[in-house]
Amino acid sequence: MTPTRDDKRIDDGNRDDGRSNAPARFDFAAAEARWQAAWSDAATFRADDASPRPKTFILEMFPYPSGKIHVGHVRNYVMGDVLARTRRAQGFEVLHPMGWDAFGMPAENAAIERGIHPGTWTRANITAMRGQLQRLGFALDWSRELATCEPDYYGHEQALFLDLMAGGLVYRKQSAVNWDPVDHTVLANEQVIDGRGWRSGALVERRQLSQWFLKITDFADELLDGLATLDQWPDKVRLMQENWIGKSVGLRFTFDVIDRTKAFDVFTTRPDTLFGASFAAIAPDHPLAKTLGATNPALAAFSAACLATGTAAAEVEAREKLGYDTGLRVAHPLDAAITLPVFVANFVLMDYGTGAIFGCPAHDQRDLDFARKYGLPVLPVVAPDDGIAIVDEAYVGPGQIVNSQFLDGMTIDAAKAAVIARAESEGWGTGTTVWRLRDWGVSRQRYWGTPIPVIHCKTCGVVPVPRDQLPVVLPEDVTFDVPGNPLDRHATWKHVACPSCAGPAVRETDTLDTFVNSSWYFLRFASAPTTAAFDPVVAKAWLPVAQYIGGVEHAILHLLYARFWTRALRRIGKIDLTEPFTGLFTQGMVTHETYRRAGTNLTAASEGDFEGDNDTVGAWLSPAEVERRGDAVVERATGLAVEVGRVIKMSKSKKNTVDPDAILERYGADAVRWFSLSDSPPERDLAWSEAGIDGAWRLVQRVWRLALSGAADGNDVATAKAAAKAVAGVTADIDKLQFNKAVARLYELVTVLERAAPSATRSAAIDTLLQLAAPMIPHLAEEAWARRGHGGMIATAPWPIADPALLIDDTVTIAIQVNGKLKDSVETTKGASRESVEAIVLARDKVIRALDGKVPRKVIVVPDRLVNLVA
RNA sequence: GCGGGUAUGGUGGAAUUGGUAGACGCGCCGGACUCAAAAUCCGGUUCCGCAAGGAGUGCCGGUUCGAUUCCGGCUACCCGCACCA
């Protein structure tokens with residue numbers, strides 16, 4: 001629960017050392033100001049291209065400037081910051097930059113809703129968010145800051161786009177968009193709710209527009225193969241990309257329509273099940289469907305109805321399977337005696353394969369659902385050893401082929417090969433590889449994006465904007481009072497002379513997908529000359545990014561597009577780089593409890609995943625509006641009971657967000673940083689809680705008291721060992737990005753040091769503790785380092801190294817099991833022989849009792865670990 | 001619909017990857033200090049049981065001397081699905 005300002009005053013009074021004899025407290029506000037200024041003045045975190053030290057590039061996915069930093073951002077950047085600071089201490093020249101993914105729809109929404117220009121809104125947000133990031137004390141090289149909405153960024157992007165075009169990797173084709181017939185505007189998938197435009201409520205149509213595409217499919221094979229080299233990526237992300245690219249090997253063959261001259265191709269990954277076919281189906285937007293629709297109004301109406309909904313795959317595939325029988329029949333390619341009906345079906349996608357399928361209900365769930373609905377035969381052709389009966393679940397497992405003439409008895413793989421061989425020898429089909437991956441449509445009918453640098457001339461066709469006329473700058477004098485793209489209706493901007501024939505021509509008014517902006521920004525961070533997008537030699541010195549950190553929601557699109565751009569730029573000779581990100585880490589979200597007034601009668605709409613309308617928000621209370629009184633949770637203002645709901649992702653609609661500014665003001669940057677790393681493993685969600693941040697605050701104070709505690713002479717081996725173990729453990733944990741474990745180890749060291757008597761060893765160990773904790777709580781570490789009389793900053797002090805001799809223990813505790821159950825344990829010298837350990841174990845009281853007179857028939861000894869007596 | 005992930009005390013999680021389940025944090029209980037509170041410190045805290053002992057890592061089954069870990073089958077929840085960034 002976010003504290004109010006009143007709260008803070010009371011707290012500060014209590015925590016202020018001036019009013020009591022409590023130990024001195026860490027004055028975070030003063031320390032933050034002092035050290036942030038010191039780092040900035042000394043350019044401590046400036047990355048030097050010319051440094052002789054080994055270079056490393058630590059990057060967090062740059063934020064969209066939505067208004068304010070949220071605690072999810074904080075967690076993301078703290079993780080990167082700990083790694084960047086650690087690497088710097090370890091002797092690397094670290095590039096750790098920050099910028100803004102500044103184009104996008106929210107800015108246009110703000111313009112429409114509040115009459116603010118998208119640029120004004122975006123730049124104000126950037127200023128605010130930069131200030132917030134600076135308050136957190138991140139070790140960033142701000143001299144490399146960039147914003148994708150500025151011409152000095154997107155102008156270079158336009159040049160790269162033209163380079164790709166010259167390299168044959170850009171083309172234009174018709175493609176479907178969500179069209180709002182009332183607002184006369186194109187809608188993003190997220191703006192389509194239950195098939196209707198979010199603002200107008202009108203039923204959304206699919207409309208074909210001529211759009212620009214990047215040939216990512218040219219790289220499908222190498223993007224897939226390249227995944228094998230990314231061994232520092234999470235397996236799940238590689239798997240998701242593999243599935244996304246979706247390589248399928250199968251058979252493409254032609255169905256000939258009976259008694260007509262028509263034919264169409266289908267693709268299947270299961271040619272082995274061809275004898276199980278009971279129908280053929282084509283997509284509603286298949287050319288044949290269009291041809292038939294011209295003379296069949298009912299069919300045309302059916303197709304139109306299928307297409308009158310959103311384009312999102314999830315929507316298309318989750319819908320009830322519907323079909324329209326065209327009345328056509330096609331011949332079975334393996335047996336002319338068999339004919340199959342042809343349907344237009346809503347679950348067949350024109351974008352995949354050939355936009356037509358053969359339906360084998362017994363072995364494909366979608367086909368089975370369809371067959372049951374329309375009363376089509378279901379013939380199993382693959383049977384497992386224990387036989388088969390299809391009811392309402394298709395069988396997709398292994399087995400041998402049955403009911404299939406010459407294929408009977410074969411395995412699935414053998415049958416696939418046999419059918420492909422026959423198709424090729426008889427000339428009606430070929431073995432083919434198809435990809436789920438489609439070319440990347442980059443045209444957006446929006447204002448706030450990178451203008452696509454081409455000109456349309458009636459005489460010359462599409463003409464690239466000449467290089468000396470780049471950047472094509474977005475005009476700032478636009479309005480959003482009318483729906484549609486302001487670039488389209490701007491009075492002068494789009495009217496230009498054709499660069500080729502000098503005749504009247506118009507600019508392209510579509511802009512590039514914002515994913516294009518984020519597909520090469522890492523190159524610009526590494527090298528930002530004014531005359532080019534990047535210098536290939538300078539950029540190559542920093543790249544690939546050693547560790548990239550961001551949300552798993554980017555596992556597919558952003559990461560695949562960035563990989564594609566890197567390879568595309570390599571193909572056209574722009575840079576010698578294959579993969580942009582060597583290490584990838586996907587961190588979890590920050591979540592929070594939800595609150596609502598007890599007894600609030602929620603409608604289904606507000607209970608479910610609704611989309612943020614204000615009229616349903618009233619039910620929810622924000623953490624700041626709620627407080628704990630004893631065991632009860634009540635609304636702060638009224639004292640009324642509050643129901644505590646599930647812990648979920650922070651969202652404005654559920655009001656379960658916390659404001660980083662308020663937390664920073666109350667607890668300071670170091671406590672916030674520490675809590676961001678505590679408790680949950682970084683790849684998993686972190687539940688933000690007041691108790692958690694309180695605990696972080698206590699840790700900060702404990703370290704501060706330790707740092708200021710008394711010194712003495714003398715050695716203390718136990719303390720030295722504890723410090724050495726912490727060095728080894730924390731270093732290894734940070735290397736593996738297991739920050740929660742590093743935090744736990746630091747707690748252990750703090751406890752040991754608090755309990756140890758003052759000694760020279762202890763003083764040295766406190767310095768070590770400060771160094772290990774410095775990446776996490778840098779302000780306190782600097783302040784304490786200075787107070788303890790060290791010259792220079794802890795930020796530039798070398799990382800501690802553990803003495804290996806101190807890491808070895810001379811005794812071990814051995815677990816004693818009888819029949820696999822733990823009965824006892826005993827301490828022995830390390831490396832004791834099996835015989836001596838066995839003798840010790842057999843003499844133990846508890847062992848004798850547990851054996852109850854029986855003689856062990858087997859004794860398993862794991863050296864220095866465990867003994868198991870099997871009786 | 002397709003694809004991916006997760007499940008361990010009151011709670012977030014840890015467990016050297018097949019070898020003492022519950023490190024560390026939070027919460028809670030008890031104590032010290034204090035006129036009192038705050039802060040701080042000390043002790044306890046998986047469950048059942050006075051104890052001896054027994055049970056226990058979502059559920060069912062398997063492999064093994066030994067399973068949170070490996071295998072098979074479920075259940076529940078979360079995430080992604082190409083114009084959100």
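Naming: A, B, ... by sequence-line order, numbering from 1 per chain.
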With a 4.0 Å cut-off on heavy atoms, is A/Gly692 in touch with a base, just the backbone sugar-phosphate, or nothing at all? nothing
Determine whether the side chains of A/Tyr561 and A/Asp513 contain a donor N or O and an acceptor N or O closer than 3.5 Å. no
Please give, in whole Å, the distance from B/rG80 P to A/Asn243 CG? 16 Å
Under 4.0 Å, heavy atoms only, any strand: does A/Gln211 hit a base, just the sugar-phosphate, or nothing? base
CD of A/Glu553 versus P of B/rC84: gap in Å, rounded? 13 Å
Rounded distance in Å - CG (A/Asp513) to P (B/rA85): 7 Å
Determine whether a donor-acceptor pair (one donor, one acceptor, N or O, separation below 3.5 Å) exists between the side chain of A/Gln445 and the base of B/rC83. yes
Can a side-chain donor-acceptor contact be found between A/Thr450 and A/Asn517 if the only test is distance below 3.5 angstrom? yes
If you apply the rule ring pair (Phe, Tyr, Trp, His ring centres under 6.0 Å), what do you find for A/Phe675 with A/Trp697, and how did you get there? CA-CA 8 Å; A/Phe675 179 58; A/Trp697 158 271; over 10 Å; no
Regarding A/Ser66, tell me which of base, sugar-phosphate or nothing describes its non-hydrogen contacts under 4.0 Å with the strands shown. nothing
Is it true that A/Asp809 and A/Lys725 have a side-chain N and a carboxylate O under 4.0 angstrom from each other? yes
Of the options A/Lys173, A/Gln445, A/Gln174, which is the one that meets A/Gln211 in a side-chain hydrogen bond (donor to acceptor under 3.5 Å, both in side chains)? A/Gln445
If you look at every strand shown and take non-hydrogen atoms under 4.0 Å, does A/Phe515 touch a base, only sugar-phosphate, or nothing? base
Would A/Arg563 and A/Ser519 count as having a side-chain donor-acceptor pair, cut-off 3.5 Å? no
RNA chain B: A/Val862 or A/Asp439, which has the more 5' nearest nucleotide? A/Val862
Mind checking A/His554 for me? I need base, sugar-phosphate or nothing, with any heavy atom below 4.0 Å counting as a touch. base
In the 5'-to-3' direction, what one-character label does each nucleotide of nucleotides 52-57 of chain B receive under the scheme B = base within less than 4.0 Å of a protein heavy atom, S = sugar-phosphate only, - = no such atom? SSSS--
Under-3.5 Å donor-acceptor pair between A/Glu754 side chain and B/rC42 base: no
Measure CD1/A/Ile245 against P/B/rA82 and give the value in whole Å, please. 16 Å
Within the 4.0 Å heavy-atom criterion, would you say A/Gln701 contacts the bases, only the backbone, or no part of the nucleic acid? nothing
Which whole-number value in Å describes the distance from A/Leu746 CG to B/rA14 P? 16 Å
Which part of the nucleic acid does A/Asp101 contact within heavy-atom distance under 4.0 Å: base, sugar-phosphate only, or nothing? sugar-phosphate
Comparing A/Lys741 and A/Arg438 on RNA chain B - which has the more 5′ nearest nucleotide: A/Lys741
Side-chain donor/acceptor of A/Arg446 to base of B/rC83, under 3.5 Å: yes
Select base, sugar-phosphate, or nothing to describe what A/Val186 touches, counting heavy atoms under 4.0 Å on all strands. base
At 4.0 Å (heavy atoms only), tell me whether A/Leu437 reaches a base, stays on the sugar-phosphate, or touches nothing. base
Roughly how many Å is it from CD in A/Glu748 to P in B/rA14, rounded to a whole number? 14 Å
note: A/Arg698, atom CZ; B/rG27, atom C1'; distance rounded to Å ~ 10 Å
Checking all strands, does A/Ser518 fall into the base, sugar-phosphate, or nothing category for heavy-atom contacts under 4.0 angstrom? nothing
Pair A/Trp674 and A/Tyr747, ring centroids less than 6.0 Å apart: yes
To the nearest Å, how far apart are A/Lys236 NZ and B/rG5 P? 8 Å
Hey, does A/Leu239 reach any base, or is it just sugar-phosphate, or nothing, if we go heavy atoms under 4.0 Å? sugar-phosphate
Can A/Ser518 and A/Asp101 be counted as having a side-chain donor-acceptor contact under 3.5 angstrom? no
Going by an N to O cut-off under 4.0 Å, is there a salt bridge joining A/Lys373 and A/Glu320? yes
In dot-bracket form, 5' to 3', how is RNA chain B paired? Count Watson-Crick and G-U wobble pairs only if both distances fall under 3.5 Å, and write | where the partner sits on another strand. (((((((..(((......[....)))((((((.......))))))(((....)))..(((((..]....))))))))))))....
